[in-house]
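Here the structure is a predicted model, which means the values were calculated and not measured. The sequence lines fix the lettering, A, B, ..., with proteins before strands; numbering per chain opens at 1.
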Number of protein chains: 2
Amino acid sequence: MAKIKRNRNGTRKDVIIAKAAKLFREKGFSATSMRDLAEHVGVEAASLYNHISSKAEILQEICFKTANNFMSHIEEVDANPNKTAIEKIQEILRFHIKQMLDNYEEVYVSDREWKHLTDPYLSNMQSQRRAYRQRIALVIEEGIRKGEIKPIDAPTAVLIMLHAVSGIESWHRSKKKIAGEVLEDNMVQILVDGLRKQA
Amino acid sequence: MAKIKRNRNGTRKDVIIAKAAKLFREKGFSATSMRDLAEHVGVEAASLYNHISSKAEILQEICFKTANNFMSHIEEVDANPNKTAIEKIQEILRFHIKQMLDNYEEVYVSDREWKHLTDPYLSNMQSQRRAYRQRIALVIEEGIRKGEIKPIDAPTAVLIMLHAVSGIESWHRSKKKIAGEVLEDNMVQILVDGLRKQA
DNA sequence: AAATCACGCTAACAATTGTTAGCATTTTAT
DNA sequence: ATAAAATGCTAACAATTGTTAGCGTGATTT
């Protein structure tokens with residue numbers, strides 16, 4: 001009987017998806033049941049289906065919204081011909097960190113649970129992820145050609161960057177120790193300039 | 001009727017756990033059913049219980065074996081007082097990469113699926129992970145004090161290192177592009193000296 | 001005021017889950 | 001050879017899964 005409370009400017013579907021993202025992060029997609037989700041939304045499981053069409057659809061919305069978000073950003077960054085490769089990399093890194101801090105649940109879920117998508121969506125997501133990494137690799141290779149970046153294997157560098165950023169997950173739990181901006185600066189510095197102190 | 005083929009020097013339980021690790025990596029712990037596992041082992045689901053006591057136990061064995069492995073290694077590295085901090089960090093990194101290449105399934109599972117442990121084991125694993133990160137952080141802080149490592153936030157550096165290494169997962173799928181040793185050198189170099197070319 | 005829509009509920013479904021019981025057969029130890 | 005242990009099978013269990021059907025109520029539109 002108690003209706004789902006709708007936040008300002010959001011549909012009830014949005015509320016469900018937000019709660020789902022939280023649960024999917026905590027317990028994983030497969031280990032989260034619709035009754036589980038319903039309880040956190042404050043409603044019976046069957047009632048969810050007035051707003052969404054399936055459990056799978058929830059995961060799809062989370063994953064593709066996030067993926068499009070990152071894809072749009074890199075296109076914007078990459079379109080600017082006045083930026084050096086290092087600057088572009090830094091901007092991409094900072095965007096990832098910011099997204100991780102601001103939309104933690106959804107970014108995390110979309111990164112770890114996309115494997116549970118089913119097939120038209122699964123293949124789509126796989127190629128989108130591949131394309132995204134490829135774009136970053138091209139930026140790095142451009143930087144190598146121009147002498148800004150040392151000649152390392154670009155795909156390896158991309159993997160390191162992206163996975164390093166996803167490590168904020170652990171940071172998120174012990175928030176107090178270090179502020180968001182400090183974290184951002186630390187991460188960018190470590191990745192761009194390394195751990196070793198230069199002579 | 002067809003018995004589980006036992007590898008030389010391995011029990012049937014080991015075979016089950018190895019197959020389970022593969023499935024847990026591909027589909028996740030929750031999405032892998034005992035019947036699924038049984039089929040890959042070549043046996044009926046009920047027969048598995050002659051060798052293991054529960055699905056949960058399989059995950060426990062995978063996680064704790066791997067965790068002990070890493071813990072032993074860092075203790076060994078850290079005990080040597082003649083190594084610089086940078087050398088210790090490099091050894092830890094190389095060990096992680098090697099483990100990821102040699103025991104891929106189990107290392108991956110233990111890193112991504114430990115959340116599905118249940119409670120005496122879950123708490124245990126959480127504190128073991130915390131302790132491990134803490135030890136690495138201490139090495140980094142030692143390096144900072146001695147002027148080998150630039151003064152960054154040590155816990156952040158640890159997160160970056162560990163998550164960067166776990167990125168080999170993606171690399172693993174496209175094996176051909178780059179050999180194991182080259183990968184190792186690239187990763188260590190990027191993390192220790194950064195992306196930027198020094199003037 | 002009447003009709004439509006949005007949205008909640010209960011009850012139920014077929015499928016799948018982890019696991020156990022009981023029995024048959026093969027392997028190992030005595 | 002015989003007893004014991006190991007290991008497989010089939011059948012079944014209770015619980016949980018995602019989802020649908022059908023109904024009622026309150027809000028919105030006409």
How many Å lie between [atom1] on [X] and [atom2] on [N], as a whole number?
X	N	atom1	atom2	result
B:Leu48	D:dG8	CG	P	9 Å
B:Lys13	D:dA6	NZ	P	14 Å
B:Asn50	D:dG8	CG	C1'	7 Å

For [X], all residues meeting salt bridge (charged side-chain N to carboxylate O under 4.0 Å, His left out), sequence neighbours excluded:
X	answer
B:Glu76	none
A:Glu87	none
A:Asp102	A:Lys98
A:Lys13	A:Glu57, A:Glu61

Legend entry - Relative orientation of the end axes in the helix from C:dA1-D:dT30 to C:dT30-D:dA1, expressed as an angle to the nearest 10° (five pairs per end): 20°

Legend entry - Sub-6.0 Å ring centroid separation between A:Tyr104 and A:His96: no

Inset, instruction - With sequence neighbours left out, write down each residue that passes ring pair (Phe, Tyr, Trp, His ring centres under 6.0 Å) with A:Tyr121, or none if nothing qualifies. - result: none

Inset, instruction - Could you pull out all residues at least two apart from A:His116 that satisfy ring pair (Phe, Tyr, Trp, His ring centres under 6.0 Å)? - result: A:Phe29

Inset, instruction - Ignoring backbone atoms, test whether A:His51 places a side-chain nitrogen or oxygen under 4.0 Å from the OP1 or OP2 oxygen of C:dA6. - result: no

For residues 39-46 of chain B, run the donor-acceptor check on the side chains, cut-off 3.5 Å, and write out each pair with its distance to 0.1 Å, sequence neighbours left out.
| residue | atom | partner | partner atom | Å |
| --- | --- | --- | --- | --- |
| B:His40 | ND1 | B:Asp36 | O | 3.1 |

Taking N or O atoms only and anything under 3.5 Å, show me the protein contacts with nucleotides 14-21 of chain D, one pair per line.
| residue | atom | partner | partner atom | Å |
| --- | --- | --- | --- | --- |
| D:dG18 | OP1 | A:Thr32 | O | 3.3 |
| D:dG18 | OP1 | A:Lys55 | NZ | 2.9 |
| D:dG18 | OP2 | A:Met34 | N | 2.8 |
| D:dG18 | N7 | A:Arg35 | NH1 | 2.9 |
| D:dG18 | O6 | A:Arg35 | NH2 | 2.9 |
| D:dT19 | OP2 | A:Tyr49 | OH | 2.6 |
| D:dT19 | OP2 | A:Lys55 | N | 2.8 |
| D:dT19 | O5' | A:Tyr49 | OH | 3.3 |
| D:dT19 | O4 | A:Arg35 | NH2 | 3.4 |

